[in-house]
Amino acid sequence: MRSLSPALALLVILVGPALAQQGAAVPSAGQAAQRERMKTCNADAGTQKLTGDARKSFMTDCLAGKSAAAPAKTLTPQQEKMKSCNADASSKKLAGKERRTFMSTCLKG
């Protein structure tokens, strides 16, 4: 009886994981798609720095497919000019008074 116990334990150790894997179900295509949607929505919510109820609401809508992505906002001409001037000032590494003077001149002209 004593020699049977270690052999039985060894058999369980070697065969157990194979039997456990055999019973594991492979996710269906729908489950895989839902998992990817969850990853995407979660990343989007993180990018937008949403928390609390706003995050819950966003995740619910996103997972339901109601708002897969936030609609792209079109910028007004003034906003476009501001964006362009800001990028120019950053590329020139301007700071302080020099940056304010540059931005003022850029936005006027």
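These numbers come from the heavy atoms of this one structure, side chains and all, not from hydrogens, waters or symmetry mates.
For Arg35, the side-chain hydrogen bond (donor to acceptor under 3.5 Å, both in side chains) test picks out no residue, with sequence neighbours left out. In this structure, the side-chain hydrogen bond (donor to acceptor under 3.5 Å, both in side chains) partners of Ser90, at least two apart in sequence or on a different chain, are Arg99. Partners of Gln79 according to the side-chain hydrogen bond (donor to acceptor under 3.5 Å, both in side chains) rule, which considers only residues two or more places apart in sequence or in another chain, are Thr76. The side-chain contact (heavy atoms from CB on, under 4.5 Å) search around Gln34 returns Arg37, Leu63, not counting sequence neighbours. For Ser28, the side-chain contact (heavy atoms from CB on, under 4.5 Å) partners two or more places apart in sequence, or in a different chain, are Gln31. With sequence neighbours excluded, no residue forms a side-chain hydrogen bond (donor to acceptor under 3.5 Å, both in side chains) with Asp88. Qualifying salt bridge (charged side-chain N to carboxylate O under 4.0 Å, His left out) partners for Lys39, counting only residues two or more places apart in sequence or in other chains: Glu36.
Taking CD of Gln48 as the start and CG of Leu50 as the end, the distance is 5.0 Å to the nearest 0.5 Å.
Within the structure, side-chain hydrogen bond (donor to acceptor under 3.5 Å, both in side chains) pairs that include any residue of residues 51-60 comprise Asn42-Arg55 (at least two apart or interchain).
Annotation for Met59: atom CE counts as buried by contact number, over 12 foreign heavy atoms lying within 6.0 Å.
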Ignoring hydrogens and angles, write down the donor-acceptor pairs under 3.5 Å from the side chains of residues 100-109, residues two or more places apart or on other chains.
residue, atom, partner, partner atom, Å
Thr101, OG1, Lys97, O, 2.9
Thr105, OG1, Thr101, O, 2.9

